[in-house]
Asks: 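Provided herewith is a single structure, encoded as structure tokens, for subsequent inquiry.
Just so you know, residue 1 is the first one in the sequence shown, and it goes up from there.
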Amino acid sequence: MEILYVPLIQIAIAYYLFVQAPLYNKDRWLWAILGFVFSLFTLSIFLILTKRKALGWILLIVLILSSIAGILFLSLLVWAVLFSKG
């Protein structure tokens, strides 16, 4: 059931960008496609390029920090598996 959430979020972000992009003289199809493929990253860049810079930067920083935390967690997990005495 949880696997359905990711495409729904991607579609919602793509739709939001498709509707909002022309209001800022941006290409709606480009932003919708980028929003579907890269979802939250594209949304944060769009927000930074439009008048909602603070929200865009907050979202981008949270994405970067969560990516770093995920990489560190997976690195520790691989290290623990490789060097466990079992």
Side-chain angles (χ1 to χ4, degrees):
M1 184 67 177
E2 292 84 17
I3 202 152
L4 293 176
Y5 292 131
V6 173
L8 290 177
I9 292 171
Q10 289 175 306
I11 291 169
I13 290 172
Y15 177 75
Y16 174 78
L17 292 172
F18 185 81
V19 171
Q20 291 292 313
L23 300 176
Y24 297 97
N25 296 322
K26 310 278 187 214
D27 183 22
R28 66 172 46 189
W29 287 105
L30 174 68
W31 283 100
I33 292 168
L34 289 174
F36 184 77
V37 174
F38 299 109
S39 62
L40 291 174
F41 180 74
T42 304
L43 180 62
S44 65
I45 298 300
F46 182 80
L47 292 173
I48 290 169
L49 292 176
T50 58
K51 297 177 182 175
R52 294 155 294 182
K53 293 184 187 316
L55 180 60
W57 280 111
I58 290 169
L59 182 59
L60 186 62
I61 290 169
V62 167
L63 286 171
I64 290 170
L65 291 176
S66 63
S67 297
I68 291 171
I71 291 169
L72 288 174
F73 176 75
L74 288 176
S75 299
L76 289 174
L77 187 63
V78 168
W79 183 79
V81 168
L82 291 176
F83 295 108
S84 64
K85 296 186 178 198

Asks: Is the shortest heavy-atom distance from the side chain of L17 to the side chain of T42 under 4.5 Å?
Replies: yes
Asks: Are L43 and F36 connected in a single hydrophobic cluster, I mean Ile/Leu/Val/Met/Phe/Trp/Tyr linked by side-chain heavy atoms less than 4.5 Å apart?
Replies: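 No, F36 and L43 fall in different hydrophobic clusters.
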Asks: So which heavy atom on R28 is nearest to which on A21, and how close?
Replies: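 Closest pair (atom of R28, atom of A21, distance): CA-CB, 3.8 Å.
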Asks: Which heavy atom in A14 sits nearest to a heavy atom in A32, and how many Å separate them?
Replies: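 Taking A14 first and A32 second, the nearest heavy atoms are CB-O, 3.4 Å.
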Asks: Report, one line per pair, each donor and acceptor closer than 3.5 Å where one atom sits in a side chain of residues 46-61; sequence neighbours left out.
Replies:
{"from": "T50", "atom 1": "OG1", "to": "F46", "atom 2": "O", "distance (Å)": "2.9"}
{"from": "T50", "atom 1": "OG1", "to": "L47", "atom 2": "O", "distance (Å)": "3.2"}
{"from": "T50", "atom 1": "OG1", "to": "R52", "atom 2": "NH2", "distance (Å)": "3.3"}
{"from": "R52", "atom 1": "NH1", "to": "Y16", "atom 2": "OH", "distance (Å)": "2.6"}
{"from": "K53", "atom 1": "NZ", "to": "I48", "atom 2": "O", "distance (Å)": "3.0"}

Asks: Is there a path of hydrophobic side-chain contacts, each under 4.5 Å between heavy atoms of I, L, V, M, F, W or Y residues, that connects F41 with I68?
Replies: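 Yes, it is one cluster - the side chains of F41 and I68 are joined through contacts under 4.5 Å.
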Asks: If you draw a 6.0 Å radius around CZ in F18, do more than 12 non-hydrogen atoms from other residues or ligands fall strictly inside?
Replies: yes
Asks: So, taking the atom named CG in D27 and the one named CD1 in I33, what distance separates them when rounded to the nearest 0.5 Å?
Replies: 8.0 Å
Asks: For S39 and Q10, which heavy atoms make the closest approach, and how far apart are they?
Replies: CB-CG, 4.2 Å
Asks: In Å and rounded to the nearest 0.5 Å, what is the CH2 to CG distance from W31 to L34?
Replies: 6.5 Å
Asks: Is there a continuous path of hydrophobic side-chain contacts, each under 4.5 Å between heavy atoms, that joins I71 to I64?
Replies: no
Asks: Can you list, by chain and residue number, the hydrophobic cluster partners of W79 when the side-chain cut-off is 4.5 Å?
Replies: V78, L82, F83
Asks: Apart from Y15 itself, which Ile, Leu, Val, Met, Phe, Trp or Tyr residues share its cluster (side-chain heavy atoms under 4.5 Å, direct or through members)?
Replies: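 Cluster partners of Y15: V19.
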Asks: Is it true that F38 and V62 fall in one hydrophobic cluster, defined by side-chain heavy atoms closer than 4.5 Å?
Replies: no
